[in-house]
Amino acid sequence: MDTNRARLRIQELKEVLWENSRKYYVDNAPTMSDFEYDSLMHELEELEAAYPEFADPDSPTRRVGSDLEGQGNGINAEPAVRKEFAQYPHRYPMLSLSNTYSIEELEAFAQRAEKEIGRSFTYCCELKFDGTAICLEYKDGKLFRALTRGDGTVGDDVTENVKRIANIPKQLKGDYPEDLEIRGEILMPYDAFDRLNAERELNEDPPFANPRNAASGSLKLLDPEEVAHRGLWCTLYHIPSESMFYETHDEALKSAASWGLPVSDFRKICKSIAEIEEFINHWDTERKSLPYATDGIVIKINEAAFQRELGFTSKFPRWAVAYKFKAESALTPVLSIDYQVGRTGAVTPVANLEPVLLSGTMVKRATLNNADQMELLDIRVGDFVHVEKGGEIIPKITSVEKSMRREGLVKPVFPSVCPDCGHPLVKEEGEAKWFCPNSDSCPTQIKGRILHFCGRKAMNILAGEATIDQLFRLGLINTPADLYELKTRDLLLLDGWKEKSASRFLDSLAESKSTAFERVLFAIGIRYVGETTAKELAKQFKTVDALASATKEQLLEIGDVGEVIAQSVVDFFSDERHIAEIKRLKAFGLKLAVESEAQASSDVLAGLTIVISGNFSIPRDSMKALIEANGGKNSSSISSKTSFLLAGSKPGPEKLKKCEALGVRIIDEESFMAMLPASPEAAEESTDNSIKTADSTRNEPEELTLFA
């Protein structure tokens, strides 16, 4: 690989990994298996090692994933999920573990440890629980604070929610230390997960993909009493506090258990790789009988002194590694193949399977992606297929067991017409999927677009798939604008709807009229126009009329817009039916233009790229909006292009260190506010007086230790 290709591949990998990290930690809606994610991470590590000139301190190879930004924005988000939590720094950075899927790599880990330590030691092997990380702090035996992992340096305060988890004690017993910090995992057992998903389906909410996502989403609910009903469970496995005086990790956990803390009994002290491998093989089978999800074994150097000797990288402890179990696989027959139409018209083949238990859930269906994938698998109805749930995400068929194929099975023919409306399908150049172009008359696409319009990331209207389906079948809606003509008498025609349900729905419709233009633009469903692109188009064109009259050339001048998106926008507004729909939405009072420039403040921050860190007197999202309203650009990471760091209380130590290294200015909230036109007298002062050096605000993290 030449240097330029390496640079491009490194950038591509970083973008994919950060995007999937966000989906995993923030949205609780992962689309990539753990194995796929880890494989890409290893590829990035190798490329950065081979081309160190492209290494970046902010690379996902050097930073842990963060759950701090934009809570509750994924497909599994709930209306009662908190938007803001108080944030506090971790006393000791909360790091991740390096992963391996092979015994050979585990042997290499052991050999490195033996070489560096040079003395006899033992390993503590534990189950790797598939939940969401938590850090508990006890003062004088009472639960004082519970923090999520956050970005590893700062976490969200979820104390009130954690107090509702049944097996977490609010008061310790016995001879406990005055000040204790202990870490572990919040889990959702399979039975609680199944019960929750049944309730969500009944309420027309999308089910959670797996217990880990459900646990993470439940931990950030607005109502602590609702958390109590979710059936969450906790297991603890790590004490980093310097107040602890134990020679081994195992002794520390035994003491924690004596204080009433929920410590897993499923651990073993091993003296060799052979014993570790025996432990792994045992639990690779036995884990299927556990009431909660586990996805591997964690192997730790047991002796605290040797842990301190081995130390840490910027992301992982050198004294521990996680061996990940291979994805669970099952062999089951294909009963039939359906062809589903999405809201964009894409036709996706889905295999209906004889139900089979995988990773604690019953698998009945698996996507085949597209016609090319079906051809590659050479699949038939009646075939036995290998199904995996890698990382316990969406099940997929990995191969067909040809040795079990019966004679006479017929190769399926991908439909040439839409299975819903009968219109001939098309396949555009460069596309893998076949599409139904009959977008405005195909029932599935119509309902899909309306459902998208109602989504929480769009107009946030209280209408799920079943509601939209009933309204459509009754002839009450055919486009999103029809929603705004619905009356109580119409809604009472729906199965199970009463006055209260109708009132809540109509209230949400009324509230949706205050939705910002950028979200309305996303909601109307222009193909290829996602949230980010909609925001940029709204910012550049200001009104829907200006966007509708824009030429392809004008659209291509926008940074996030390429040929495909530009043509899609032009095509959308070239259709008179879409123009008529926009006029109706405008008549109902939806915001189809940005707020007046008077509200947009100023351009005093024009050309400046600003990173914010810490807590402020206003919510972080409001601070970001203030930066944009005054012409500035928000960024999530410090680089040489950063104009300054806007530091609130308790800013991230890593960001401060990077500012110092790159010579980036640091400004506090008071000085920042003085720069804005809302305070013209202060704005006239030299901003040099508002700049702090990194040295003046630096808060060095304490040394990373497991025990004193």
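None of the values given here were measured: they were computed from a predicted structure.
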Inset, instruction - Check for a donor-acceptor pair, side chain of R449 on one end and backbone N or O of S439 on the other, with a separation under 3.5 Å. - result: yes
Inset, instruction - Taking the side chain as every heavy atom from C-beta outward, state whether R267 and C125 have any pair of such atoms under 4.5 Å apart. - result: no
Inset, instruction - Applying side chain to side chain donor-acceptor pair (under 3.5 Å), name anything that partners H386, two or more places apart in sequence or on another chain. - result: E401
Inset, instruction - Would you indicate whether the side-chain heavy atoms of L47 and L13 approach each other to under 4.5 Å? - result: yes
Legend entry - Atom pair CD (E278) and OG (S272), whose distance is rounded to the nearest 0.5 Å: 9.0 Å
Inset, instruction - For residues Y339 and F414, establish whether the separation of their ring centroids is below 6.0 Å. - result: yes
Inset, instruction - Might you confirm whether atom CD of E107 has over 12 heavy atoms from other residues, nucleotides or ligands at distances under 6.0 Å? - result: yes
Legend entry - side chain to side chain contact (heavy atoms under 4.5 Å, CB included) against T235, all qualifying residues, sequence neighbours excluded: F129, E185, L187, S264
Legend entry - Rounded distance (nearest 0.5 Å) linking atom CZ of R365 with atom CD1 of I337: 11.5 Å
Inset, instruction - Output yes when a side-chain donor or acceptor of D284 lies under 3.5 Å from a complementary backbone atom of I280, and no otherwise. - result: no
Legend entry - Side chain to side chain, C234 and L236, heavy atoms closer than 4.5 Å: yes
Legend entry - Any donor-acceptor N/O pair, S568 side chain to V564 backbone, under 3.5 Å: no
Legend entry - Straight-line distance of M188 CE to R230 CZ, nearest 0.5 Å: 6.0 Å
Inset, instruction - First locate atom CH2 of W434, then atom OG1 of T348, and finally report the distance between them rounded to the nearest 0.5 Å. - result: 14.0 Å
Inset, instruction - Give a yes or no answer on whether the side chain of D383 reaches the backbone of V400 with a donor-acceptor pair at less than 3.5 Å. - result: no
Inset, instruction - Report yes if the side chains of K427 and F435 come closer than 4.5 Å at any heavy-atom pair, otherwise no. - result: no
Legend entry - Considering all heavy atoms, the nearest G422-V417 contact: O-CB, 3.5 Å
Legend entry - Approximate separation, where rounding is to 0.5 Å, of F453 CZ and I477 CD1: 11.0 Å
Inset, instruction - Ignoring hydrogens and angles, tell me if any N or O in the side chain of S289 forms a donor-acceptor pair with the backbone of E286 under 3.5 Å. - result: yes
Inset, instruction - Verify the neighbour count for atom NZ of K364: are there more than 12 heavy atoms of other residues, nucleotides or ligands below 6.0 Å? - result: no
Legend entry - Any side-chain heavy-atom pair of R380 and D378 under 4.5 Å: yes
Legend entry - Check: D372 main-chain N/O paired with N370 side-chain donor or acceptor under 3.5 Å: yes
Legend entry - Flag, side chain of N161 to backbone of L221, donor-acceptor distance under 3.5 Å: yes
Inset, instruction - Quick one: list whatever passes ring pair (Phe, Tyr, Trp, His ring centres under 6.0 Å) with F266, sequence neighbours left out. - result: W283
Legend entry - Expected output: side-chain D130 to main-chain T294 donor-acceptor under 3.5 Å: no
Legend entry - Centroid-centroid under 6.0 Å between H452 and F522 rings: yes
Inset, instruction - Spell out, as yes or no, whether a donor-acceptor pair under 3.5 Å connects the side chain of R149 to the backbone of L95. - result: yes
Legend entry - Any donor-acceptor pair under 3.5 Å from Q445 side chain to P437 backbone: no
Legend entry - Interatomic distance, D191 atom CG to R195 atom CZ [nearest 0.5 angstrom]: 6.0 Å
Inset, instruction - Determine whether P333 and L353 make a side-chain contact, defined as any pair of heavy atoms from C-beta on separated by less than 4.5 Å. - result: no
